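Predicted model only: the values in this text are computed from it and were never measured.
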Amino acid sequence: MPRLSEVTAALDALWPPALAEGWDAVGTVAGDPDAEVGRVLFAVDPVQEIVDEAVKLGADLLVTHHPLYLRGTTTVAATHFKGRAVHTLIKNDIALHVAHTNADKADPGVSDALAGALDVRVVRPLVPDPTDPSGRRGLGRVCELDHPLTLSELAARAAERLPATAQGIRVAGDPDRAIRTLAVSGGSGDSLFDDVRAAGVDAFLTADLRHHPASEAREMSSAQPLALLDAAHWATEWPWCELAAAQLDEISDREGWGLRVHVSRTVTDPWTAHAASHHEPLSTFGAPN
C-alpha cells in the first residue's frame with residue numbers, strides 16, 4: 001500500500017496548491033505522512049457526519065473540497081465541533097486532505113465536473129488562469145449546449161441531474177427563452193457576474209446567488225436579461241467528488257497501489273426543507289391600506 005505522503009503528492013499534482021487563492025487553506029490537515037493508505041473517501045464537507053462515515057467505512061484518508069479551518073484557529077479542543085472532528089480523525093488514524101480553490105481552477109476541475117453532470121460541452125474557462133499557457137485552467141467554465149433548450153427545460157435538466165436538495169433550482173428569466181450558451185461555476189458564483197457578462201452567454205448556473213448581485217446582473221444585461229439558475233452550493237460541487245475519485249482510481253491502477261476509493265452520498269447541504277409559496281403574487285392583492 002502507498003504511504004500518505006505518496007497519495008497526497010499525487011493529489012497535489014492533480015490540484016496544485018499554488019493554484020489556490022491566497023485566502024484559502026488547502027492541503028493536508030491531519031495525518032502521518034508515513035502511514036499506509038488503503039481506503040479513501042471523497043466528500044464535499046468535513047463535517048462530523050462525514051468524519052463518522054469515514055470511520056465506519058474504515059477509510060485511511062478523507063479528501064474534502066471544503067476546508068475544515070478556513071480562517072485558522074488557536075485550538076483543536078474537542079469542546080468545539082471542528083475540534084471534535086479532528087479528535088475523531090486522529091483517534092481512528094484517518095488523514096484529512098483538502099482541495100478547494102486549487103480544485104476549482106484545475107483542469108479538469110470542479111466546474112468541469114458540473115458541466116459534465118449537466119451534459120454541456122466546455123468551451124473555455126470563464127476566468128482563465130493567466131499562468132496557464134494552454135488556456136484550460138481557471139475559474140468557472142463557458143459551455144455550449146448540443147441543441148437549444150428553453151430555460152425551463154434547462155432548469156429541469158439541472159434539477160434531474162444534480163443531487164437532490166431542499167432548494168432545488170431557482171430560476172430568473174423567461175421560461176421559454178432559448179438557451180444555447182451557458183456559464184457554470186461550482187459553489188458561490190455571484191462574484192463572477194462581470195466575467196459572465198463579458199462572455200456573452202445566455203445563462204449562468206451557479207450557487208448562493210444573493211438578491212442585489214442577481215438583480216443588478218439582470219438589469220445590466222444588454223439585449224436580453226441574463227438568465228440565472230441558482231442551485232444549492234453542495235449540489236454544484238458534489239459532482240467533483242466523483243471526478244476526483246475517478247482520477248485517483250486511475251492513478252492507483254497505474255501505480256499498482258490497489259486503493260479502494262469511495263464517494264460519500266451523504267447530503268451535507270445545510271438546508272433540509274423547502275416550503276413553496278402557494279398564494280397569488282403580491283400584484284394581485286391590491287394596493288396596501
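When side chains are defined from C-beta on, L192 does not count as touching T206, because their heavy atoms never get closer than 4.5 Å. Counting heavy atoms from C-beta outward, L14 and I251 have side chains that approach closer than 4.5 Å.
With values rounded to the nearest 0.5 angstrom, D195 atom CG is found 9.0 Å from F204 atom CZ. How far CG of L89 is from CG of L68: 8.0 Å, rounded to the nearest 0.5 Å. To the nearest 0.5 Å, atoms CD1 (I94) and CG (L41) are separated by 9.0 Å. If you take CG on L118 and CD on E160, they are separated by 11.0 Å, rounding to the nearest 0.5 Å. One distance of note links CG of D104 with CG of D129; it measures 12.5 Å at 0.5 Å rounding.
Among residue pairs with one or both ends in residues 144-158, those qualifying as side chain to side chain donor-acceptor pair (under 3.5 Å) are R121-E144, T150-S152, T150-E153; sequence neighbours excluded.
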Practice task
Begin from the C-alpha positions of H233 and E237 and carry the test side chain to side chain donor-acceptor pair (under 3.5 Å) through to its verdict.
Solution key: CA-CA 7 Å; H233 189 123; E237 294 179 329; 3.1 Å; yes
Practice task
Test L205 against L114 for side chain to side chain contact (heavy atoms under 4.5 Å, CB included), laying out the working first.
Solution key: CA-CA 10 Å; L205 187 148; L114 175 56; 4.1 Å; yes
Practice task
Walk me through it: do Q224 and R177 pass the test side chain to side chain donor-acceptor pair (under 3.5 Å)?
Solution key: CA-CA 10 Å; Q224 275 191 303; R177 179 183 176 184; 3.2 Å; yes
Practice task
Assess whether side chain to side chain donor-acceptor pair (under 3.5 Å) is satisfied between E49 and T266, documenting all intermediate values.
Solution key: CA-CA 8 Å; E49 188 175 11; T266 302; 4.9 Å; no
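Under the 3.5 Å distance criterion, the side-chain polar atoms of S111 are matched with a main-chain donor or acceptor of G186. Under a 3.5 Å cut-off, the side chain of T236 and the backbone N or O of G187 do form a donor-acceptor pair. A distance-only check finds a donor-acceptor pair linking the side chain of S252 to the backbone of G258 [under 3.5 Å]. Checked by atom type and distance alone, the side chain of D24 pairs as donor or acceptor with a backbone atom of T101 at under 3.5 Å. Side-chain atoms of D202 come within 3.5 Å of backbone N or O of R180 as a donor-acceptor pair.
Heavy atoms of other residues, nucleotides or ligands lying less than 6.0 angstrom from CZ of R210 number 12 at most.
Closest heavy-atom contact between A115 and V122: CB-CG2, 3.6 Å.
Using the six-membered ring where Trp is involved, W240 and H65 have ring planes that are tilted, between 30° and 60° apart.
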